Amino acid sequence: MSASAAARREIKSLREQIRYHNYRYHALDDPEIPDAEYDRMMRRLQALEREHPELITDDSPTQRVGDAPVETFGTVQHEVPMLSLDNAFGEEELRDFHRRVADRLELELEADELSYAAEPKLDGAAVSLLYEDGRLVRGATRGDGTTGEDITHNVRTIEAIPLRLIGSGYPATLEVRGEVFMPKAGFEAYNEKAAAAGEKTFVNPRNAAAGSLRQLDPQLTAARPLDMYAYSVGRIDGGDLPQTHSEVLERLQNWGLKVCPERRVVSGVEGCLDFYRDIGDKRDGLPYEIDGVVYKVDDLQQQRELGFVSRAPRWAIAHKFPAQEELTTVEGVEFQVGRTGALTPVARLKPVFVGGVTVSNATLHNIDELHRKDVRVGDTVTIRRAGDVIPEVVGVIRSRRPKGTRKVKLPERCPVCDSAVAREGDEAVARCTGGLYCSAQRAEALKHFVSRRAMDIEGLGSKIIEQLVSADRIHTPADIFTLTREEVAEMERMGEKSADNLVAAIEASRTTSLERFLFALGIREVGESTAAALAAYFGKLDLIMSATENELVAVPDVGPIVASRIRSFFGEKHNRDVIQALRDQGVSWDESEPQRSPADGKLSGKTFVLTGTLPNMTRDEAKKKIQAQGGKVTGSVSSKTSFVVYGDKAGSKLSKAQNLGVETIDEAGLDQLLNAPASEES
Ligand code: IVH
């Protein structure tokens, strides 16, 4: 066998295998082999085709994005018109439809037994795919139903669409029709990326799908996460199909096309309604957008008897879900403060019925989103409420903006507690700096205050804190220390024994350490290790409270952002009041003389990353030991990391260290470093 005959055979075999695995992956949603193996076959095929360009064919799985951009779209005549569907907006309209169908078919008595093929109504763009002898030769949009646009170069880039059918028995000419759509996840990811890059975002997945199909450059279409489900056939020549719609779809699937898995054959109106409710319940969880369901008389002979009127068949109807988008006007824009202090802009709306409920508020997510959408008081906006998701403002109808509107600005003070609002660099989230003082944040701040690594008050769990906060019994952490045993014992889910324990835990926590206390205050950006560094450096709380930003940045672990956070925290009088109240309640720690020089232990200047389980110490203990000797412990490995300390079940951090050439040591290695005599060079 000549070299090229061998290549020819291998190419043929690879193409067949790849087509089969495409079918498993896309049509059946049941891949047989790992992605890596698929990729390997694909790369091998590409390599062979590079060596033997004369063997490349249009329907090779490698030839999806090869087409050059077109200048305009050609037109395509649909020999079998691409129809649209009539809508039923409620049960009554559905019953009317069913009665009309039964009457025409003279079925009256057995109308209940009339079979419908029920499917979701996908929210994308209709396409026609023409297969000649199993090869995809043309793709077209619906257009006006008679004349569409030739989008062959674009449909070829969609992996769910086979370039060549598999199996056998398909008609020589087979026109498949279906919906190209952008799955929700792909839509969101695409928009997020586009927004980050300052590019135009899509309003909804339907526009995204339609817009993507109408690109002149197939490279652009290829970069969009598109998918497709087949839902009917058009022209057929040189072969037969089964006698029901549901069996036809089954066949299409066997030939490698994707069909929607949520389809069912049902009986009569009741069967249709059951399906409608089931899909309605599932709707939010489906990976693609739908706007209703479609019922089609399943028997193709009955379909032919029924025929169609103008643009729509008599044998099918779309049963729509309540609209998820409506227009209304903005009456105000306010800022809500969340449990972590984040300020969320909220649009107050003229009440509007959307997604099955009346909506009068919609979120704008964050300040960037507010500015990007530029929502103003008086604007007409599109509101979207999908399922249980909180209603959101999709966008402004600019052409309806009244005169004299003004841009909404981020408030400088918290609308709840009047503390300063801070926003870090280009971070999207603006936050109230009030922390404990801000009633919106109180419960979260208290949970942090009592947590194990902070004040460590065991038994003061989330539920109890929420009870105490909502009963207005606790405003600041100082109030914790005024709780009496009687009060505690009276609380829900509190036995005598747990009350005793809690009171004892509160008592014990009065004696703490400066680093715990600092960490417990919940100053933004001040985590455990920063708190420890501050405590070691200054030794006394008053020195930290009065330190300038310049003094603060001298502390290892403290950069300018952290320093400014610390400054603004202690700059607020209400925070100083809380600290005084805690001291008055007897909360105390040992203070020491300020060190005022960076920790100069023998590990100073060295950065460590810990990964996996160490045999004899917890990661926390290891961290403390390293820090005690001036070393730094961080969470992620970079080329600047000095050592990665690994234990059992070490993960990607270890392999990353190895890739970067960072020194890796185990616990014994760490012990050596910790116990080695200090040397001049290190
Ligand atoms: S059947 C004659 N089935 O809805 C039947 N259409 O308003 C025509 N659509 O242009 C189509 N999901 O793009 C059918 N399961 C489905 C559908 C579906 C979405 C779209 C299709 C069509 C429009 C009709």
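Counting convention: from 1, in listed order, for ligands and their atoms alike. Numbers here simply count residues along the sequence, with the first being 1. Bear in mind that the values here come from a model prediction, so they are computed numbers and not experimental data.
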Item to complete: Decide yes or no on salt bridge (charged side-chain N to carboxylate O under 4.0 Å, His left out) for E179 and K258, but give the supporting numbers first.
Response: CA-CA 10 Å; E179 197 87 347; K258 244 178 125 158; over 6 Å; no
Worksheet item: Step by step, would you call K184 with E188 a salt bridge (charged side-chain N to carboxylate O under 4.0 Å, His left out)?
Response: CA-CA 6 Å; K184 289 176 190 168; E188 270 151 33; over 6 Å; no
Can you pull every nitrogen or oxygen pair between ligand 1 and the protein closer than 3.5 angstrom?
from	atom 1	to	atom 2	distance (Å)
ligand 1	3 (N)	K296	NZ	2.9
ligand 1	4 (O)	K121	NZ	3.3
ligand 1	7 (O)	L85	N	3.3
ligand 1	12 (N)	L122	N	3.0
ligand 1	13 (O)	E179	OE1	2.4
ligand 1	13 (O)	E179	OE2	3.4
ligand 1	13 (O)	Y231	OH	3.2
ligand 1	15 (N)	E119	OE1	2.8
ligand 1	15 (N)	P120	O	3.2

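Ring centroids of F202 and Y190 are separated by less than 6.0 Å, placing the two rings close together.
Remark: the R15 side chain and the T57 side chain contain an N/O donor-acceptor pair separated by less than 3.5 Å.
Atom CZ of R348 sits in a crowded spot, with more than 12 heavy atoms from other residues, nucleotides or ligands closer than 6.0 Å.
With H319 as the fixed residue, the ring-ring contact (aromatic ring centres under 6.0 Å, His included) test singles out one of Y276, F89, F97, Y116: Y276.
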